[in-house]
Structures are given as C-alpha cells and as structure tokens.
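Convention: sequence-line order gives letters A, B, ...; per-chain numbering from 1.
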There are 2 protein chains.
Amino acid sequence: MSKAERTRQYIVEKTAPIFNTKGYAGTSLTDMTEATGLTKGSIYGNFANKDEVALASFDYNHKKVIAIIQQEMEKEKTMKGKLLVYANVYENFMKLPFPKGGCPLLNTATEADDTHPQLREKVGDAITSWKNKLVAYLKEGAENKEFKMPANPDQWALTMIATIEGAIMLVQATGKLNYRKLVLQSVEKMILDL
Amino acid sequence: MSKAERTRQYIVEKTAPIFNTKGYAGTSLTDMTEATGLTKGSIYGNFANKDEVALASFDYNHKKVIAIIQQEMEKEKTMKGKLLVYANVYENFMKLPFPKGGCPLLNTATEADDTHPQLREKVGDAITSWKNKLVAYLKEGAENKEFKMPANPDQWALTMIATIEGAIMLVQATGKLNYRKLVLQSVEKMILDL
DNA sequence: TTAATATTATACCGATTGGTATATTTATAA
DNA sequence: TTATAAATATACCAATCGGTATAATATTAA
C-alpha cells in the first residue's frame with residue numbers, strides 16, 4: 001500500500017463521520033482539513049473534488065455496517081437467528097462500532113434524493129441488496145422447513161427494512177432511545193412469527 | 001392582514017418546497033430570492049435570519065400534511081377507518097397536495113439531528129403528537145368494542161409511524177414507487193388485524 | 001547518494017455564503 | 001392630498017465556499 005493510498009484511507013476515516021452527521025451539503029472543506037490535520041492541497045492531491053470524498057465516505061460508513069452484521073451473522077446457525085441479527089444490531093448499535101451519526105443509508109437517502117444522484121444510486125443499490133439478502137434467507141429458511149415462506153417475500157423484506165430505518169429516524173427526531181427498542185421489538189416479533 | 005404579514009406568508013409558501021427538497025444547509029439565500037422574486041433586503045425585512053425562514057417553512061410543510069390527513073379523516077366514522085387514513089394518505093401522496101420533496105418529518109429529522117436543535121425539537125414534537133393521536137384512536141376503538149387494544153399501544157403506534165416513514169425513505173433511495181405500496185399494504189394489514 | 005517522482009503545503013483565485021446599512025419606494029392613516 | 005411610517009430594493013460587507021497553480025518536501029528506485 002503506497003503512501004498515497006494510506007492517506008486516502010486516512011482522509012476517508014476522518015471525514016466519513018462528519019459527512020454522516022452534518023450531511024454532504026453541510027460538510028465543508030474546512031471541516032475536512034480540521035478533522036484530518038491536512039491541508040486542502042493534500043486532500044485534493046488524493047481526491048479530485050469534495051464529491052469524490054463524499055462518495056468514498058459513504059462507502060466506508062456502509063461497509064462498516066455490513067462488516068458488523070456479517071460478523072454477528074456468523075455466530076448464528078438458523079435462518080431466524082440470522083434475520084434477528086439485523087434487529088439486534090440496530091437495537092444495540094451504541095455498544096457496537098457503528099458509524100458515528102447513525103445509519104448511513106437513512107442519513108444519505110433523505111439528503112441525496114434530489115441533490116446528489118451518484119450518492120442516491122449508492123443508497124438505492126445498498127437497499128436493493130439488503131432486500132435481496134433478506135429474501136434469500138427467507139427462501140433458505142422455508143426450504144429447510146424452519147418456517148413457512150411469507151405470502152410476499154419482497155413485501156416482507158421491505159417492510160422489515162422500512163421499520164428498522166423508521167425506528168432510527170424516530171430516535172434521531174425525538175432523542176428517546178426506548179422508541180427504537182419498542183419498534184425493534186416489533187421487528188423481532190415479525191421474524192419470530194414467521 | 002398587513003402587507004408584511006402577507007409577504008411573510010408568501011416567502012414561506014415559495015421557500016418551503018425548497019427547504020423540503022434541498023435541505024436546510026443546502027438552501028441558500030439566492031435560492032430564496034430566486035423563488036420569491038424578492039430581494040435579500042425584502043426577505044430580511046420580514047425575517048431575522050435564514051433560520052427563522054427555515055423554521056417557518058417546516059411549520060408550513062407540516063401543517064399542510066396535517067390538513068390533508070384531517071380532511072381525509074373527517075370522511076371516516078370508524079376508528080379503523082381513521083387509522084387507515086394515514087396509510088392511504090402516504091400511499092397516494094402524488095394525488096394529494098402533499099409538500100414537494102416528501103415528508104417534512106423524515107427530511108428534517110435526519111438533517112437536523114446534529115446541526116439544528118430548534119428544528120429537531122419541532123420534528124420531535126410532531127412525532128410525539130402523532131403517536132399520541134394514534135394511541136387515542138386505539139383507545140377509542142377499544143372502548144367502542146370495534147377491536148381489542150394491542151398489548152402495548154405506544155409500541156403499536158411507534159411501529160406504525162416508523163414503518164410509514166421508512167416506506168417513504170425506501171422510495172426516495174430506490175426510486176421504486178411500488179416499494180411504498182408494498183410496505184404501506186403491510187401497515188394496512190397491521191390496522192386491519194387489530 | 002543521488003536524481004526522479006510522488007506527495008504535501010502555501011498562497012492564492014473568483015464565486016458565493018449569510019447578513020446589513022442605507023436609500024428608495026409603497027402603503028396607510030390623518 | 002399629504003405626512004408619516006412601513007416595507008422593499010440597492011449596494012455593500014467580511015467570511016467562507018470549493019478549487020487550483022506552484023513551491024516545498026518526502027518518498028522511492030537506481
């Protein structure tokens with residue numbers, strides 16, 4: 001790994017939390033130089049523009065979430081157990097190395113929908129992939145006779161994602177942490193009732 | 001209504017859609033002068049600063065949603081019918097005079113949580129009030145023997161709100177309109193199963 | 001160790017940011 | 001109709017925005 005690659009990664013590491021909290025329009029070059037201790041020249045020697053850092057930062061934040069889920073997932077054998085990981089991860093994300101600022105999907109989706117098409121596409125792809133993974137677990141669980149397939153698996157998966165993301169939004173807006181717990185208990189019930 | 005009050009309202013009318021689409025950090029004074037056809041001097045003659053316009057714009061957008069729901073609600077007699085209004089309004093919000101840019105609660109919550117405490121508080125209050133209304137309908141429906149009370153009414157209400165807001169987020173991210181329909185059908189089922 | 005190269009810092013650019021003092025116009029009450 | 005007050009426009013402010021040309025400094029291969 002060359003020096004440049006290392007600083008590129010360093011820049012992303014330090015700026016990703018800022019993009020995830022202040023948003024993409026709300027994060028300035030000055031925020032980035034202060035967080036990294038580097039100068040503008042140094043940042044622009046490694047990235048073409050602010051957008052490119054934003055895109056890389058989203059990827060970094062999202063991969064962090066994926067990694068946590070995958071790690072927790074490996075402990076589980078049953079499909080219900082694997083599905084429950086999603087609810088548990090989001091329920092306990094203060095205890096886990098979750099990206100600062102909350103869920104990058106939620107944060108990015110609402111800001112980028114009209115203003116930043118590339119970012120929006122990344123979020124869209126992430127959601128589609130999440131949905132497809134959930135449907136795959138449903139199929140495997142049904143084939144293993146662990147539970148019976150819901151009538152509309154896509155609908156089931158999308159409802160689960162929507163409820164989780166909505167739970168995070170409720171906490172961001174109200175500051176009431178128990179709101180997340182209550183809603184995620186509903187998600188758990190949804191899984192256990194399969 | 002004085003001239004000043006009328007222009008104040010005019011400014012909010014014209015800028016509220018911009019705040020709701022581009023966000024509060026993403027909306028500039030120039031955006032506001034272009035949308036209104038007024039000058040900065042005129043805007044600052046009626047508002048102390050950009051923040052004050054943002055706050056008034058949020059109120060305007062939120063009241064618009066409240067008004068739609070209230071109007072649709074009056075047609076309904078049963079509590080189930082009233083609860084279903086929420087799902088139906090969000091399912092058909094292209095056909096209704098819904099604020100441009102989508103749900104102001106969702107849009108504002110994710111941006112304002114770290115950057116704009118006053119705005120965040122407004123969103124928080126709106127959500128709490130929404131939850132309380134839902135719980136009140138549940139109580140009335142249970143008292144009328146229309147259905148039986150869910151075990152945890154707060155949880156039921158918060159789950160419904162989270163799922164609706166999550167559904168909107170999914171559409172913003174993926175652009176797939178049928179995602180909203182699918183998720184809101186789950187919300188409908190949640191109500192019908194009471 | 002040296003020369004070539006890659007990386008980072010300095011100093012600057014024009015444009016735009018939110019905001020304001022003042023002049024001009026418009027509404028309003030006498 | 002006129003005087004007064006209210007509302008709007010003009011012209012400006014310093015600060016910051018994202019971005020860049022160039023100079024200085026490290027890195028790296030020979």
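Residue contacts for B:Thr27: at a heavy-atom cut-off of 4.0 Å it reaches the sugar-phosphate backbone alone, with no base atom in range. Contacts of B:Ile43 with the nucleic acid, taken as non-hydrogen atoms under 4.0 Å apart, are absent.
In this entry the distance linking CD of B:Glu52 with P of C:dG18 reads 16 Å, nearest Å. In this structure, B:Leu38 places its CG atom 20 Å from P of D:dA6, rounding to the nearest Å. The distance from atom CG of B:Asp31 to atom C1' of C:dG18 is 13 Å, rounded to the nearest whole Å. Rounding to whole angstrom units, CG of residue B:Leu29 and P of C:dT20 are separated by 11 Å. In this structure, CZ of A:Arg6 is placed 8 Å from P of D:dT27, rounded to the nearest angstrom. Rounded to whole Å, atom C1' of C:dA27 lies 14 Å from atom CD of B:Glu5.
With a 4.5 Å cut-off on side-chain heavy atoms, A:Glu91 and A:Tyr86 do not count as touching.
Comparing C:dA9, C:dT20, D:dA7 by their closest approach to the side chain of B:Tyr44 singles out C:dT20. Comparing C:dA9, C:dT17, D:dA9 by their nearest atom to the side chain of B:Thr30 picks out C:dT17. For B:Lys3, the side-chain atoms get nearest to D:dA7 when compared with the rest of D:dA7, C:dT8, C:dT7. Out of D:dA9, C:dT8, C:dA27, the shortest distance to the side chain of A:Thr39 is found at C:dT8. Residue B:Lys40 places its side chain closer to C:dG19 than to any other of C:dG19, C:dT17, D:dA9.
OP1 and OP2 of C:dG18 both lie 4.0 Å or more from every side-chain N or O belonging to B:Asn49. Contact annotation: A:Thr7 reaches the phosphate of C:dT8 (side-chain N/O to OP1 or OP2, under 4.0 Å). OP1 and OP2 of C:dT7 both lie 4.0 Å or more from every side-chain N or O belonging to A:Asn46. For B:Ser28 and C:dT16, the shortest distance from a side-chain N or O to OP1 or OP2 is not below 4.0 Å. In this model, the phosphate group of D:dA9 is approached by a side-chain N or O of B:Ser42 to a distance below 4.0 Å at OP1 or OP2.
Evaluation of atom-type donor-acceptor distances gives no pair under 3.5 Å for the side chain of B:Lys50 against the base of C:dG19.
Atom CD of A:Gln118 is surrounded by 12 or fewer heavy atoms from other residues, nucleotides or ligands within 6.0 Å. When the shell of 6.0 Å around CD of B:Gln9 is examined, it contains 12 or fewer heavy atoms from other residues, nucleotides or ligands.
Contact check on B:Asp154 versus B:Lys131 returns a salt bridge, with a Lys/Arg side-chain nitrogen under 4.0 Å from an Asp/Glu carboxylate oxygen.
Using cut-offs of 30° and 60° for the angle between ring planes, the B:Phe93 and B:Phe98 rings count as parallel.
Each of A:Gly45 and B:Asp51 has a nearest nucleotide on DNA chain C; the 5'-most of these lies closest to A:Gly45.
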